[in-house]
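Below: the structure, in structure tokens.
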There are 2 protein chains.
Amino acid sequence: MPDEEFLAQYDPGAYPPFAVTVDVVALTLRDGALSVLLVRRGEAPFAGAWALPGGFVQAGAETLDEAAARELAEETGLDEERGLGRVHLEQLGTYGDPGRDPRMAVVSVAYLAFAPDLPEALAGSDAADARWTPVADVPGLALAFDHAHILADGLERARSKIEYTPLATAFLRKEFTVSELRAVYEAVWGAELHAGNFHRKVLSVPGLVESTGATAEHSSTRGGPRARLYRAGDARLLHPALLRPDREDGVR
Amino acid sequence: MPDEEFLAQYDPGAYPPFAVTVDVVALTLRDGALSVLLVRRGEAPFAGAWALPGGFVQAGAETLDEAAARELAEETGLDEERGLGRVHLEQLGTYGDPGRDPRMAVVSVAYLAFAPDLPEALAGSDAADARWTPVADVPGLALAFDHAHILADGLERARSKIEYTPLATAFLRKEFTVSELRAVYEAVWGAELHAGNFHRKVLSVPGLVESTGATAEHSSTRGGPRARLYRAGDARLLHPALLRPDREDGVR
DNA sequence: TGAATAGTGTCTATCAGACATTATGTC
DNA sequence: GACATAATGTCTGATAGACACTATTCA
């Protein structure tokens, strides 16, 4: 049977129906704290509960990546011009356990976003509120659906990803100091790093950062020389990697 | 509005309909060559073309992981008893570009499987044929849908995963020699490794392998002492990792 | 006997991490 | 002047990789 003939008599209803959503774990640094974008749901199910921003994929009209970017833009107020281009967005994983949504069979494709410090969030169409929330405060929140699980996976991916890619720079503005970069690593890993060793390491890894020649305006905090400014380098993978301090070697 | 009331009047038809499939990139070593399980499609679309094994997820009846295990079992003839338990199965990524399936909007959740050398494949219900195919032979095959893309992603994941996890052992039987393990790395990475250094490295990484005390029956190939036998160790992450030989440092 | 293999020893360049030091800012 | 920070220097132990070497088995 030729394909055309088959398609003409084809009955889409014969296949089990799913709804497909995208949900975004959007991370940023606010006041030195690793924070995630959460929305307060305006509608059932889980009305009133905090959840990851997300929504239904428009079948046939957009790719999954585009759907994730669209949902993120709706809640952050960014567009392609203003900043969205600087946000790193990657697929995290897909969650489809039966019963994860009480309405019907829903498969959620989760995305992970790294964003520089952004203006306060905007409540999108179907959200009552939207807020950047320090991830340390999330455990008390009882997120909707399986979003706590998705967030945990996203955090672990983020911790691992900044080890061997230069994506920590995606949390910063275009120009940054080594100290600011160190603050990113410390916030994501939740561990203090040795300033001197970190400095030397960052400059020694090929392609992680490149110098701008300029120095920061005023030394922000409590004195010290003005720090030099760097841009993100052109590496896509770090070699050697910046390994996080020993997390119980090997994880048996 | 309470959730129950909402659910009662809820109309699933209001949401864009998707079909959800799982597709499996199942890798194994056959005669020293890294090989992937392919099926020849019996029905349109792409009837007669080779494709990754997969099928529709049964909505509400199984998790995505279970659906992937079911599809893999159908094509390999394995069940929980006979070997399926030793197969490593992990989610690879999700593919949902509009038009990737000519019939309707289909989202495919791809899985990656590492299997020990298995008996010849079995054609499942909707496949005309099933075969373990050396990945080196695949480029000439014009796989159905976007399966060439999915396979490429799976291979890259596999190459990367054996660096920092002990999953290379999933390609071998319960007991194996260091040389057999080296053959896995060489097949997956497509590079020759230094036998002596590899040997010392494998034994020095905590939790990668543990000794059985036994030695192999006969030195299989062209002489040499009988090799000692090892089991997979209890590590879930390797530290330090086994880095693959320099792939153009950093990938700019 | 010859050849290939298993396993170990040695050397060197590199790297992570601990620690120290100097210069430069703020309060 | 007290103090924190930026940046660099020094040292040590671990590691990757090159190479050499011995012992063991098959043909």
Glu192(B) has an atom CD; how far is it from atom P of dA18(D), in whole Å? 13 Å
Determine: side-chain N/O of His199(B) to OP1/OP2 of dG7(C), distance under 4.0 Å, yes or no. yes
Looking at dT10(D), dA7(D), dG7(C), which one has an atom nearest to any side-chain atom of Arg200(A)? dT10(D)
Think Arg228(B) has a side-chain N or O under 4.0 angstrom from the OP1 or OP2 of dA6(C)? no
Side-chain ion pair, Glu186(B) and Arg159(B), N-O less than 4.0 Å: no
Distance, rounded to the nearest Å, where Glu217(B) contributes CD and dT24(D) contributes C1': 16 Å
Side-chain ion pair, Arg226(B) and Glu217(B), N-O less than 4.0 Å: no
Could you state the interatomic distance from CG (Asp137(A)) to OG (Ser35(A)), rounded to the nearest 0.5 Å? 8.0 Å
Please work out if Ser179(B) contacts a base, only the sugar-phosphate, or nothing of the nucleic acid, heavy-atom cut-off 4.0 Å. sugar-phosphate
Whole angstrom is fine here: how far is it from CG in Leu229(B) over to C1' in dG7(C)? 15 Å
Nearest-Å distance for atom pair CG/P, residues Leu203(A) and dC15(C): 14 Å
Any side-chain N or O of Arg226(B) less than 4.0 Å from the OP1 or OP2 oxygen of dT5(C)? no
Between Asn197(A) and Leu242(B), which has a closest nucleotide on DNA chain D that is more 5'? Asn197(A)
Specify the separation, in whole Å, of atom CZ of Phe198(A) and atom C1' of dG17(C). 14 Å
So, Asp117(B) and Thr28(B): side-chain donor and acceptor under 3.5 Å apart, yes or no? no
Atom pair distance, as rounded to whole Å: CD in Glu180(B) and P in dT5(C): 14 Å
Which nucleotide in the set dA6(C), dC19(D), dC15(C) lies at the smallest distance from any side-chain heavy atom of His194(B)? dC19(D)
Tyr164(A) OH - dC15(C) C1' separation (whole Å): 21 Å
Whole Å only: how far is the CG atom of Leu243(A) from the P atom of dA14(D)? 17 Å
Can you classify the ring geometry of Tyr185(B) versus Trp189(B) as parallel (below 30°), tilted (30 to 60°) or perpendicular (above 60°)? perpendicular
Considering just the side-chain nitrogens and oxygens of Arg244(B), establish if one lies under 4.0 Å of OP1 or OP2 belonging to dG17(D). no
